[in-house]
Amino acid sequence: AQTVRFIKALMRTAKDTVMSFYYAPAGAADAGTYEICNENRDKFLADAMKLGLKTEIVTEERDVSPDILHIEKNLYAYPAEQSGRARDVSITRAADVEEEVRAVCAQVVWLNQKYGYAYRDMAVVCGSAERYVPAIARVFRQAGVPCFAGEKRTLDQCAFSTFLLTAIELMQGKLKKDTLIAHAKTGLCDLTEYEVCAMENYVFSNVRDGFAFTFPFREAAAEQAREKLMEPLLKLREDAKKAKTAGQLLGCAADYMDRLEAAKKLNRQFARAQKAGLMESAEWNAQVADKTMRILAQAREILGGTSMKKRQLVGLLKTGLRAQKVGVIPPGADEVAVGEISYIRIGDVKAVFVLGANDGILPNYEQSSDILADYERELLLSQLAGLRFTGNVEKQKLAILKTFTKPEEKLFLSFVDDGREKPSPLLGKVCELFDGIRQNEAGKLALTLKQNAYLKTAQALRSFGSGQGLACAEEVASAVLRDG
């Protein structure tokens, strides 16, 4: 509900507000899949009209492969229409996960070298991150293919969020020892790492509770650290005595961060991480800090005049930070986006590879993680704002549809066929949509990448050396002999 209130405030103040929703015209065969999107769009449109705002609905036609458009319109349509033979969609059968991943890696390299696809033009999506992401990261690294396996983390898993929340906890009421130490260890107070360690060691052995921080410590190094920590905190506590509303409390926190120059310290941390080559960590923390500041600004806008105690405010902020989950691709980086279908955010790409299209994995209706993007999930759960709730089945359908129809040019689907696992019913549905669809064997595709061919040859030679005979498939030997 708070997010909806913020969007309404944004509509009133911004010059232009643009909202994007998935859409299907009334009466379309797949209209049921988009029903939740249509209803929420209509709700926001009605709100805008009540505010007296000029509104306009624009329907965009996508310039993508006809095969992709056909899937978009018919995957969940009843009855579905059949098209001719698919040119831009294929299905690959693999003996195991390793073979499946190596085949995908070979295809990524092939698209990069033969068709000039940048790595950022491709995305690899799997039904289970636990099962696939470690193998993808390892195989791609061995082949020299840059990839970013973004993970799903909440905004409270960041030093800056800890700094903000502990500052609010410390501004009023009883001082807690653990909260003070956690605040000091964020790296955003005026303390060096040595001073933090000296104070933490002293506190561990000599301090029972946070009240002792208001008195001098006996050891010189610990006392110096205590003074540097407590001087700005005591000023914060003095300012917060007059705060009665959420807006005033948040204003005190913002003034405290300004006095400590927290933004400058964050920038220095990001710069050090980048210099050390920790691009993934630096980028993630930078985006988390930016989102946290946005949440702080939204909270001041929404809760401004609400009478609230700091415990309630901390609880609300924690809920907001934990509800926001981020899977990040560093902007501008030429890397293949890798992630689970439940959280990956795919930009504009030419090709998408979907791994693990097996029954029980894709779709996985028992999956507890959120399927929609964070802002979508917030809006869909905002029943108090009059928006409709969507269940996990609908979430899975939308996530699958978004993934299958995201690429502009090519969609590659693959599954494991080891005698125990079955292909996903989705594959059968996709096959029914076309008069014919290309079927591949992962083992043969993998050999188009020379590293895979040499690996198979090495395995055959090791077996031969151990007296098991030379078992090397003709296509493996041919791939090695063609190289060079």
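Just the heavy atoms: all of them, side chains too, but no hydrogens, waters or symmetry mates, feed the values below.
- Test Glu409, Lys350, Lys410 against Tyr117 for side chain to side chain donor-acceptor pair (under 3.5 Å) and you get one pass: Glu409.
- One finds the CD1 atom of Ile341 at 12.0 Å from the CD1 atom of Ile361 (value rounded to the nearest 0.5 Å).
- For Arg85 and Asp435, the salt-bridge test fails: no basic side-chain N is under 4.0 Å from an acidic carboxylate O.
- Between the side chains of Glu100 and Tyr132, a donor-acceptor pair is found at a separation under 3.5 Å.
- Ring geometry, Phe163 versus His183: the interplanar angle falls under 30°, so the pair is classed parallel (tilted spans 30 to 60°).
- Asp418 places a side-chain N or O within donor-acceptor distance of the main-chain N or O of Arg420, the cut-off being under 3.5 Å.
- A donor-acceptor pair under 3.5 Å is absent between the side-chain atoms of Asn74 and the main chain of Ile71, judged by distance alone.
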| request: With side chain to side chain contact (heavy atoms under 4.5 Å, CB included) as the test, would you mind laying out the steps for Leu411 and Asp67 before giving the verdict? | output: CA-CA 9 Å; Leu411 174 65; Asp67 292 342; over 6 Å; no
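- Dense packing is recorded around CD of Gln439, with more than 12 heavy atoms of other residues, nucleotides or ligands lying under 6.0 Å away.
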| field | Stepwise side chain to side chain contact (heavy atoms under 4.5 Å, CB included) check, Glu340 with Val133 | value | CA-CA 8 Å; Glu340 186 179 302; Val133 170; 5.9 Å; no
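- The number of heavy-atom neighbours closer than 6.0 Å to CZ of Arg131, taken from other residues, nucleotides and ligands shown, is above 12.
- A salt bridge links Glu98 to Arg138: one of the charged nitrogens lies within less than 4.0 Å of a carboxylate oxygen.
- No side-chain donor from either of Arg102 and Gln107 sits under 3.5 Å from a side-chain acceptor of the other.
- In terms of modelled atom types and a separation under 3.5 Å, the side chain of Asn358 and the main chain of Phe415 share no donor-acceptor contact.
- Crowding of Lys265 atom NZ: a count of heavy atoms from other residues, nucleotides or ligands under 6.0 Å exceeding 12.
- Atom NZ of Lys422 has 12 or fewer heavy atoms from other residues, nucleotides or ligands within 6.0 Å.
- Heavy atoms from other residues, nucleotides or ligands lying under 6.0 Å from CG of Asp348 number 12 at most.
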| query | Where do Leu401 and Tyr76 land on the side chain to side chain contact (heavy atoms under 4.5 Å, CB included) test, with the steps shown first? | reply | CA-CA 8 Å; Leu401 191 61; Tyr76 291 115; 4.3 Å; yes
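- Here the CG-CG distance, from Leu362 to Leu355, works out to 10.5 Å after rounding to the nearest 0.5 Å.
- Applying the ring-ring contact (aromatic ring centres under 6.0 Å, His included) criterion to Phe412, with sequence neighbours excluded, gives Phe353.
- A salt bridge links Lys318 to Glu169: at least one charged side-chain nitrogen sits closer than 4.0 Å to a carboxylate oxygen.
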